Engineer: 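Attaching a single structure in structure tokens format; questions to follow.
Letters A, B, ... mirror the listed sequences (proteins, then strands); counts begin at 1. These values consider heavy atoms only, across backbone and side chains, with no hydrogens, waters or symmetry-generated copies. Note that the structure is a prediction, hence the values are computed from the model and not measured.
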4 protein chains.
Amino acid sequence: MAREQTRAEVRRERILEAALAVFARRGYREAAMDEIAVESDTSKGGVYFHFPNKQAIFLALLDRMAALLMARAEAAIAAETDPLAKIDAALRVVLDTFADHRSLARLFLVDALGAGREFNAKMMEIHRAFAGLIARHLDEGIRRGDFPPIDSRVAGLALFGAINEVVTDWLLDPDPPPLERAYPALRALLRRSVGMPAE
Amino acid sequence: MAREQTRAEVRRERILEAALAVFARRGYREAAMDEIAVESDTSKGGVYFHFPNKQAIFLALLDRMAALLMARAEAAIAAETDPLAKIDAALRVVLDTFADHRSLARLFLVDALGAGREFNAKMMEIHRAFAGLIARHLDEGIRRGDFPPIDSRVAGLALFGAINEVVTDWLLDPDPPPLERAYPALRALLRRSVGMPAE
Amino acid sequence: MAREQTRAEVRRERILEAALAVFARRGYREAAMDEIAVESDTSKGGVYFHFPNKQAIFLALLDRMAALLMARAEAAIAAETDPLAKIDAALRVVLDTFADHRSLARLFLVDALGAGREFNAKMMEIHRAFAGLIARHLDEGIRRGDFPPIDSRVAGLALFGAINEVVTDWLLDPDPPPLERAYPALRALLRRSVGMPAE
Amino acid sequence: MAREQTRAEVRRERILEAALAVFARRGYREAAMDEIAVESDTSKGGVYFHFPNKQAIFLALLDRMAALLMARAEAAIAAETDPLAKIDAALRVVLDTFADHRSLARLFLVDALGAGREFNAKMMEIHRAFAGLIARHLDEGIRRGDFPPIDSRVAGLALFGAINEVVTDWLLDPDPPPLERAYPALRALLRRSVGMPAE
DNA sequence: GATGAATGAGCATTCATTCAT
DNA sequence: AATGAATGAATGCTCATTCAT
């Protein structure tokens, strides 16, 4: 039976939350453990009791955010049956999630990539997870004859990258237009790229 | 007639070269000015005589690399007349250039993004320059009736992002397959995305 | 009852002591944080844990020395009732204190002034505190009819400056005569300047 | 016959002027040779051709300013016959000169003292020159029976210091009242200190 | 479990001075 | 005489990590 969270778990959670805020505010390199400790209402030693080092905290956050986004995308996809509707749904979820959490998205898409080579492996894993999700649905569409055949690994990456870039551009723009505005064009492009009519 | 480079220009060049090597080896944050000085066979003070700070060196390199890549792509495009051939040519140039300079590409596509928020503006500028190049040719194709209409700004970003992601995946892979292998699928996808047949 | 000093307080004290020695030996600008750390048997980081920067250490020392000197002067003054005796007592304390701590006096009277414009405000504050002390007693003497009236603010500064200069001359002299030797003349001058007979 | 200044002399002069401006603006330590070079419309190498090092420039300026001030004071004194009038005249000259050249006075009275121990000897020399000037006139007054006897060396220092402090206080005050306002009180004090009536 | 203190390697930058041309 | 380049020692400060209590 799931007991109440132990005190340790609560503390751990508080640290993660604080770290997310600090990383989002400062970026990975600029974030100081001191600040995370203060923001989580703990001592520096306390933080190190729960996490072996700074990297581990960041990694934990990456994992958690990736899992969340994946789960949302999967759910949205599962709720639809039509392959085109699935594409639409997933795209919408991703765009909405990022639009709602700008600084988080920035951390995830921009800072994490260059946070240091130690993160490269993890980032590859995450990117591949998303690209793989797309690829799996492509494969299924291809199998069912909805889409013409294509190297789904590369295609998955490419489609993921296409969305990524549009979001990233929006992230780096100091005075960005609403992200939704990119939706129709992106949708048309993605559809056509898999052999469907834009509309 | 262009006179020989002055001593200062030669030195400046040597510093940039050395910096490129060091940045590629270590990433931006890990690169030490000391190492750049040693590698360029200069003193630290000498480096600072030619560049005001570390950032400026990195920025100079980014600019230079972006210009080079843009020029190559433009040239390849200009050499073709058929819109589809233009796409092929540009894609090929980009893939080939990155494939030939892996660590440079890594610096450019991966490290630079997260090098610190001071670089975000410059990165946006560079990404937009490439996306804009694609967008211009899309617009022309649309105007000539080759492609169906689309929001070319978003499409340019998306296509740039698609290529980017494929290259980035290859960069982060510690044991990557040849990058050319991705070419056919990427080509098919790009073609279809602008309303052309895959073949 | 005052508990024993905490470990932190002890360490802080040790750093201040070491800093005083180093500043006195080298002057403010030449003093290196490294040296202070070594001399206080701490690490550089340790010093920075207790003080935010070099300036703060120097400021703390200035404050402390000023307070000490002021307290001694006040005590000596309080121990006398006759206004002339008060002047004598204060003058004696100041001269004795400086004579006993030559390098400290040098730091205080010579180096601190030119340590950088950041210290100007603090130095003005300290000088004014001493001049103010003198001015207060002048005012009282004037009120009691012991001295003829005068602008006590200016007079306080002037008298402080007079003592200052005699001490400073002694400080800058590489082979100085005993400072006490200046006492009789200084005493006569100060007395006369406030309208009292030299003897 | 004094030929026109050689080009070298002109250049030397320009450097001194520029240096004065820079030192007055930044203080000794903060002043960079680079800035002096630029401000004197020369190259750094050029500056070093005319002066062996930074110290030498500062020393030259100190000498020149001290000589100027001394000369003015001597002239003012020589123009009077009455000893009291001489005191008044000299005091007035000093106060006026400093009031007219605030940043220069700051350099001279504040920064120079703490510019580094290398300047201590020179500063002692300068201070003693002024104190000596006062002492000489005191001695003459004593010899003529105008003033009661006193140790004129100490008295000279003290009187110089008194003026100094009043000026210094005015210099360090970010929002100072006119310096002349201190004149009457200072005058009364100085007169009394040498045994003369305040008025 | 938690804390405050302590550590120390690491680093960008400054600047007086030198010197080949 | 003059210049622009080059030098390199010097230094304040940061920060992830450790550890005694």
Engineer: On DNA chain F, compare the nucleotides closest to B/Gly45 and C/Asp34; which residue's is nearer the 5' end?
Structural biologist: B/Gly45
Engineer: With rounding to whole Å, what would you report as the distance between E/dG1 and F/dT21 at their C1' atoms?
Structural biologist: 13 Å
Engineer: Send over the distance from C/His50 NE2 to E/dG8 P, rounded to a whole Å.
Structural biologist: 14 Å
Engineer: List DNA chain E stems (3 or more consecutive Watson-Crick/G-U pairs, under 3.5 Å)?
Structural biologist: E:2-21 with F:2-21
Engineer: Quick one: pull up CE in D/Met124 and CG in C/Leu171 and give me the separation to the nearest 0.5 Å.
Structural biologist: 11.0 Å
Engineer: Do the non-hydrogen side-chain atoms of A/Met123 and B/Thr168 ever get within less than 4.5 Å of each other?
Structural biologist: no
Engineer: Rounded to whole angstroms, how far apart are CE on B/Met33 and P on F/dA9?
Structural biologist: 17 Å
Engineer: Starting at the 5' end of DNA chain E, which residue's closest nucleotide do you reach first, C/Arg11 or D/Gln55?
Structural biologist: C/Arg11
Engineer: Can you tell me which nucleotide in F/dG8, E/dT3, F/dA16 comes closest to the side chain of B/Ser43?
Structural biologist: F/dG8
Engineer: Test your reading of the model: is there a side-chain donor-acceptor pair from D/Arg29 to the backbone of D/Ala115, 3.5 Å cut-off?
Structural biologist: yes
Engineer: Using whole Å, what does the distance between atom C1' of nucleotide E/dA16 and atom CD1 of D/Ile57 come to?
Structural biologist: 11 Å
Engineer: Test salt bridge (charged side-chain N to carboxylate O under 4.0 Å, His left out) on A/Arg64 and A/Glu13 and set out the steps.
Structural biologist: CA-CA 12 Å; A/Arg64 174 175 292 203; A/Glu13 210 52 42; 2.5 Å; yes
Engineer: Angle between ring planes, C/Phe58 versus C/Tyr28, binned at 30° and 60°: parallel, tilted or perpendicular?
Structural biologist: tilted
Engineer: For the side chain of D/Lys54, counting heavy atoms from C-beta on, which of F/dC13, E/dA16, F/dT18 is nearest?
Structural biologist: E/dA16
Engineer: For the side chain of C/Arg7, counting heavy atoms from C-beta on, which of E/dA6, F/dT3, E/dT17 is nearest?
Structural biologist: E/dA6
Engineer: Could you state the atom-to-atom distance from CZ of B/Phe49 to P of F/dT3 in whole Å?
Structural biologist: 14 Å
Engineer: Choosing from E/dT17, F/dT7, E/dC11, which nucleotide comes nearest the side chain of B/Ala32?
Structural biologist: E/dC11
Engineer: Closest nucleotide of DNA chain E for D/Glu30 versus for B/Tyr28: which of these residues is on the 5' side?
Structural biologist: B/Tyr28
Engineer: Report the distance from atom CD of C/Glu118 to atom P of F/dG12, rounded to the nearest whole Å.
Structural biologist: 13 Å
Engineer: Roughly how far, to the nearest 0.5 Å, is the CD1 atom of D/Ile36 from the CG atom of D/Leu16?
Structural biologist: 9.5 Å
Engineer: Over how many whole Å does the gap from D/Phe51 atom CZ to F/dA1 atom C1' extend?
Structural biologist: 15 Å
Engineer: Would the base of F/dT17 count as contacting A/Lys44 through its side chain, where contact means a donor and an acceptor less than 3.5 Å apart?
Structural biologist: yes
Engineer: Within a strict 4.5 Å, meaning less than it, do heavy atoms of the A/Thr42 and A/Phe49 side chains meet?
Structural biologist: no
Engineer: Whole angstrom is fine here: how far is it from CD in D/Glu35 over to P in E/dT14?
Structural biologist: 13 Å
Engineer: Report which part of the nucleic acid B/Ala31 touches: base, sugar-phosphate, or nothing (heavy-atom distance under 4.0 Å, all strands).
Structural biologist: sugar-phosphate
Engineer: Hey, could you give me the NZ/CG distance between A/Lys122 and A/Leu59, rounded to the nearest 0.5 Å?
Structural biologist: 5.0 Å
Engineer: Give the rounded distance in Å between these two atoms: OH of B/Tyr48 and P of E/dA16.
Structural biologist: 17 Å
